[in-house]
Amino acid sequence: MFRYSRRAVALVWQTSRPLTVVLAVATVVAGLLPAAAAWVGQLIVDGVVAAVQAEGAVALAPLFWLVALEGGIMAGIAGSQRAIQTAQSLLRAQLGQRVNVMILEKAQTLQLAHFEDSEFYDKLTRARREASSRPLSLVNRTFGLFQNGISLTSYAALLLGFSPWAVVILVAAGLPQFVSEAKFSGDAFRLFRWRSPDTRRQMYLETVLAREDSAKEVKLFQLGPLLLERYRDIFRRLYREDRNLTLRREIWGFVLGLVGTLAFYATYAWIVATTVAGAISLGQMTMYLAVFRQGQGAVSASLGAIGGMYEDNLYLSNLYEYLEQPVTAVHGTRTAGERPGDGLRFEGVSFSYPGSEAPALQDISLTLAPGRSLALVGRNGSGKTTLIKLLAGLYEPSAGRILLDGTDLRDWDPETLRRRIGVIFQDFMRYQLPVGENIGAGDVERFDDESRWREAARRGLADDFIEELPGGYHAQLGRWFQDGRELSGGQWQKIAVARAFMRQGADILVLDEPTAAMDAAAEAEIFEHFRSLTRDRMAILISHRFSTVRMADEIVVLDDGRILEHGSHDALIAADGTYARLFRLQAAGYR
Ligand code: ADP
């Protein structure tokens, strides 16, 4: 039940030792002082009673000293509570950041398939939503429990002077409320967990309704009211459940709280009767009443803290479930192939996406030697992008193998492999960063290298319009930040292609249709640059334009995940198959 408490404390300790120490010391002080105040209060009342009954002159000084002492203790309580609050709020900021960084660092180690798996995505969202506040809450409650425990022990020590039964009543009266709290925290957690797909859908609708990249379409298609209604519906459903739980929780809390009130007043009557009988002094009566009342507060606070710790533990289980998600980290270590210069080989490669039955690729065999270029053609959904994803190591083949320089991709060191392959997908990222950095993203080692930006932009045909932008290569792109500019689709694509040209170290370059929005002449010119740059490298191109495709040394026609035809443009035309038919169809369109 409290599996994660120790880890939470360790996490806080690692986050800031000084603050944890301050928190611990202030907690002990805040725990001890209230009983001391009650004790001094008793001395004052008894002193006053004695003074009133005494005859003749009374020395007030000792009483004043006691009052001053109680004042001092109160100041000490206030001070220690402030110290607790200060330490907590500083820790909250640091811990929130730390946990978020842990979540993001973990995200870097995940595979693409994880991000596409909705169940896993739920874990990630749940971890992100609650986890940054829960560890501190758990620690606060642990310390709170500790503080109340100290107070309670000191009250119990005082109360024992009256009767051990009073101590028993004090503790027993708090139990029913505790049981109900624990039950409802469990319910609240289960509710939170099971509806996280709904919460995620709500977050998604929020994004669609309030982000610049969807605003255009939402407006034009008047989707706003419809999506907003869905958003409201989800809220209504969630709210109904929340309300029911809250009502049940509070009603039970009130009813069971009455048990405590009853116990208090019964004990009150008992103490009054004992005082009247002369068994205890007036000062003792005041002290016992104060101690009993505060003791009750401490009991319910402790039990509440335990209930809360249980709840925090449940939420932390989410965080650790996410952080401990196994990532298949078995990867190779080769930094050079067995047969350098052998190029790329697909040998009987098949692949199905996780959770889908129909294979996206079936029995693909092909080779590509350094210095050669390959074009992939085929209908939408024929498996072109999937082939590239396998090549880039984003997924592993379900059957068969892919070799680079004679060595299976799985045996390559992933870092080396990534450095050797440069891919621009059709859904490339449009970073909300300066133009230059958008190009520099293609090679992290040269991210800031202005001369390389310029060179890459020239090859990607992006230099002309970039130089016209105010600020040139330093112009901010996107609308999220101040003075950001939006580019046209074709201009963005030129940036993306320039990004590919940044990658001079890569010996396999892939353009997966990032040129579709450019005019045919620009696409052809870019591919020409691409080929000239890739003299001893391998270039792979996906395009629907036969005017570009025909420039490639080899052409592979994919259909339904299989290779339908394979050869040079001339050979495929001569064979008069699908490629030739599609080529003539497109050519006829230009006549
Ligand atoms: P192409 O690039 O030729 O248009 P893809 O390689 O993107 O085609 O898609 C091949 C097939 O794999 C399609 O049937 C598509 O629905 C499926 N597919 C693509 N991406 C995924 C994915 N992430 N998860 C599951 N199926 C996918």
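Because the structure is predicted, anything quoted here is derived from the model rather than measured. Just follow the structure's listing: the first ligand is 1, and inside any ligand the first atom is 1.
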(request) With R200 as the cation and Y121 as the aromatic partner, state whether NZ or CZ is under 6.0 Å from the six-membered ring centre and within 45° of the axis. (result) no
(message) Taking R458 first and then E455, would you say they form a salt bridge - that is, a charged N and a carboxylate O separated by under 4.0 Å?
(response) yes
(request) Consider only side-chain N and O atoms of T386 and Y395, and report whether a donor and an acceptor are under 3.5 Å apart. (result) no
(message) Just verifying a value: how many Å separate I103 CD1 and L124 CG, rounded to the nearest 0.5 Å?
(response) 7.5 Å
Mind listing the N or O contacts between ligand 1 and protein, cut-off under 3.5 Å?
residue  : atom   : partner : partner atom : Å
ligand 1 : 2 (O)  : T385    : N            : 2.9
ligand 1 : 2 (O)  : T385    : OG1          : 2.7
ligand 1 : 3 (O)  : S382    : N            : 3.2
ligand 1 : 3 (O)  : S382    : OG           : 3.4
ligand 1 : 3 (O)  : G383    : N            : 3.0
ligand 1 : 3 (O)  : K384    : N            : 2.9
ligand 1 : 3 (O)  : K384    : NZ           : 3.0
ligand 1 : 4 (O)  : G381    : N            : 2.7
ligand 1 : 6 (O)  : T385    : N            : 3.4
ligand 1 : 6 (O)  : T386    : N            : 2.9
ligand 1 : 6 (O)  : T386    : OG1          : 2.5
ligand 1 : 8 (O)  : G381    : N            : 3.4
ligand 1 : 8 (O)  : G383    : N            : 3.3
ligand 1 : 20 (N) : Y353    : OH           : 3.4
ligand 1 : 23 (N) : E116    : OE1          : 3.1
ligand 1 : 23 (N) : E116    : OE2          : 3.3

(message) According to salt bridge (Lys or Arg N to Asp or Glu O under 4.0 Å), does anything in residues 398-407 pair up with another residue at least two apart or in another chain? List the pairs.
(response) E347-R401, D405-R420
(message) Quick check on side chain to side chain contact (heavy atoms under 4.5 Å, CB included): which of R485, Q482, Q432 does Q476 satisfy it with?
(response) Q432
